[in-house]
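Just so it is clear, the structure is predicted and the values come from calculations on it, not from any experiment.
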Amino acid sequence: MRRLLELISFSLLMCLLSLGHAHAQGTDLLSAKKGVIPGGYNFWVYTPEDYYFTQETTPLVLFLHGASLCGHDLNKALRYGTVAAIKMGRDVPALVVTPQNPGGFWNPKKLNDILEWMDKNYAYDHTRVYVLGMSLGGYGTMDFVGTYPEKVAAAMALCGGCTLKDQSKMGDAPLWIIHGTADRSVGIGQSQKVVNGIKAKGHDERLRFEWLPGANHSELARYFYCAKTYEWLFSHSLTDPGRPVNRTINITKAERDQAYRDMIRRGEQLEME
């Protein structure tokens with residue numbers, strides 16, 4: 001009995017030490033990764049507070065910014081998007097990877113290099129990888145999905161387009177394309193070309209698209225602050241039979257506007273604290 005109690009005590013001690021180490025690792029929830037991939041993008045990794053308890057069941061969100069955040073100041077990449085929403089109070093229980101594009105269109109191969117780096121350095125659910133991007137990031141989202149659809153559980157491309165010459169894989173992964181009809185920065189025709197191409201091939205069973213009447217370019221950033229955006233993404237998995245696109249979750253203009261106001265209010269409160 002004494003030996004058994006000693007073994008139990010030792011096991012508990014090891015467990016507590018392990019948890020203490022995990023807590024220390026998780027103290028910095030947002031960490032910059034610079035130069036870890038030779039010739040690749042620098043990026044941020046956000047780890048949710050309970051990550052070291054969820055590990056292999058944690059989804060991963062890859063957020064791609066627009067042209068205004070391109071450059072070599074990695075802090076710029078956090079000015080809007082998923083991490084900005086989290087900092088303002090939005091709960092996103094996922095690893096969030098935010099690379100910075102120094103300029104030009106997003107390179108799908110370099111984005112895949114980041115995922116491969118994450119494979120070696122973080123535990124997460126590889127059947128639940130999601131891509132979300134706006135403007136230049138919307139292009140990057142579609143280009144990545146059209147190149148590596150087998151890696152993407154679902155993606156949302158806002159006011160973007162596609163630069164791929166070979167778009168034969170477009171439609172292989174659940175994709176929600178959204179564009180405003182009053183967008184003067186990236187014309188809605190760029191998204192419509194992708195939609196029309198997928199439909200022409202009869203490959204649109206995993207496609208969802210929405211044209212927002214009167215919406216301008218910047219208005220679509222409000223999707224990043226909506227809980228339903230992440231609810232929609234997380235409702236998909238690579239293990240879903242047939243990998244259907246979720247058409248039951250809708251995000252109204254009123255919900256987008258309210259979510260944005262709420263996030264701004266929470267962000268101001270957090271700053272005051």
Exercise. Would you find more than 12 non-hydrogen atoms of other residues, nucleotides or ligands less than 6.0 Å from Glu49 atom CD?
Worked result: no

Exercise. What distance separates Arg128 CZ from Ser235 OG, expressed to the nearest 0.5 Å?
Worked result: 9.0 Å

Exercise. Taking C-beta and beyond as the side chain, do Val97 and Trp44 meet within less than 4.5 Å on heavy atoms?
Worked result: no

For this session: Report yes or no: does Gln167 contribute a side-chain atom to a donor-acceptor pair with the main-chain N or O of Leu164 at less than 3.5 Å?
Result: yes

Exercise. Does Ala155 offer a backbone N or O that forms a donor-acceptor pair with the side chain of Trp176 under 3.5 Å?
Worked result: no

Problem set entry | Verdict with reasoning, Glu210 to Ile177, per side-chain contact (heavy atoms from CB on, under 4.5 Å) | CA-CA 6 Å; Glu210 188 172 1; Ile177 298 175; over 6 Å; no

Exercise. Which word best sums up how the rings of Tyr122 and Tyr51 line up, parallel for under 30°, tilted for 30 to 60°, or perpendicular for over 60°?
Worked result: tilted

Exercise. With no hydrogens and no angle check, is any side-chain donor or acceptor of Ser237 less than 3.5 Å from a backbone partner on Thr239?
Worked result: yes

For this session: For residues Trp117 and Asn112, determine if any side-chain heavy atom of one lies less than 4.5 Å from a side-chain heavy atom of the other.
Result: no

Problem set entry | Candidate pair Asp183 and Ile188, rule side-chain contact (heavy atoms from CB on, under 4.5 Å), full reasoning | CA-CA 7 Å; Asp183 192 327; Ile188 190 173; 5.7 Å; no

Exercise. Ignoring hydrogens and geometry, is there a side-chain-to-backbone donor-acceptor pair from Arg90 to Tyr225 under 3.5 Å?
Worked result: yes

Exercise. Under a 4.5 Å cut-off applied to non-hydrogen side-chain atoms, are Thr58 and Thr47 in contact?
Worked result: no

For this session: Output yes when a side-chain donor or acceptor of Asp240 lies under 3.5 Å from a complementary backbone atom of His236, and no otherwise.
Result: no

Exercise. Between the main-chain N or O of Cys70 and the side-chain N or O of Lys76, is there a donor-acceptor pair closer than 3.5 Å?
Worked result: yes

Problem set entry | Aromatic ring proximity Phe209/Trp211, centre distance under 6.0 Å | yes

For this session: Report yes or no: does Gln100 contribute a side-chain atom to a donor-acceptor pair with the main-chain N or O of Asp73 at less than 3.5 Å?
Result: yes

For this session: To the nearest 0.5 Å, tell me how far Leu64 CG sits from Leu69 CG.
Result: 11.5 Å

For this session: Let me see the working for Phe43 and Thr98 under side-chain contact (heavy atoms from CB on, under 4.5 Å), right down to the final yes or no.
Result: CA-CA 5 Å; Phe43 56 99; Thr98 305; 6.0 Å; no

For this session: Nearest 0.5 Å please: distance from the CD1 atom of Ile264 over to the CZ atom of Arg266.
Result: 11.5 Å

Exercise. Do Ser191 side-chain atoms and Gly161 backbone N/O form a donor-acceptor pair below 3.5 Å?
Worked result: no

For this session: Look only at the side chain of Lys33 and the backbone of Val45, and say whether a donor-acceptor pair between them is shorter than 3.5 Å.
Result: no

Exercise. CD of Glu56 to NE2 of His126: how many Å apart, nearest 0.5 Å?
Worked result: 9.5 Å

For this session: Hey, could you give me the CG/CD distance between Leu233 and Glu231, rounded to the nearest 0.5 Å?
Result: 10.5 Å

For this session: Taking atom types as modelled, find out whether Tyr223 and Arg256 have a side-chain donor-acceptor pair closer than 3.5 angstrom.
Result: yes

Exercise. Can Lys110 be said to sit on top of Tyr41's aromatic six-ring, NZ or CZ under 6.0 Å from centre and within 45° of the ring axis?
Worked result: yes

For this session: Take His72 and Asn42, measure what side-chain hydrogen bond (donor to acceptor under 3.5 Å, both in side chains) needs, and give me the verdict at the end.
Result: CA-CA 9 Å; His72 299 279; Asn42 292 328; over 6 Å; no

Exercise. What about Tyr230 and Tyr130, are their ring centers closer than 6.0 Å?
Worked result: no

Problem set entry | Leu220 and Ile178: CA distance, side-chain angles, deciding distance, side-chain contact (heavy atoms from CB on, under 4.5 Å) verdict | CA-CA 8 Å; Leu220 272 70; Ile178 306 172; 4.0 Å; yes

For this session: Indicate the atoms forming the closest heavy-atom contact of Met263 with Ala85, along with that distance.
Result: SD-O, 3.9 Å

Exercise. Can you name the nearest heavy-atom pair linking Lys151 to Glu116, along with the distance?
Worked result: NZ-OE2, 4.1 Å

Exercise. Considering only heavy atoms from C-beta outward, does the side chain of Ser135 approach that of His217 to under 4.5 Å?
Worked result: yes

Exercise. Is any side-chain heavy atom of Val129 closer than 4.5 Å to a side-chain heavy atom of Pro59?
Worked result: no

Problem set entry | Gap between atom CD of Gln55 and atom OH of Tyr52 - 0.5 Å precision | 7.0 Å

For this session: Look only at the side chain of Thr57 and the backbone of Thr54, and say whether a donor-acceptor pair between them is shorter than 3.5 Å.
Result: yes

Exercise. Any chance the rings of Phe63 and His65 have centres within less than 6.0 Å?
Worked result: no

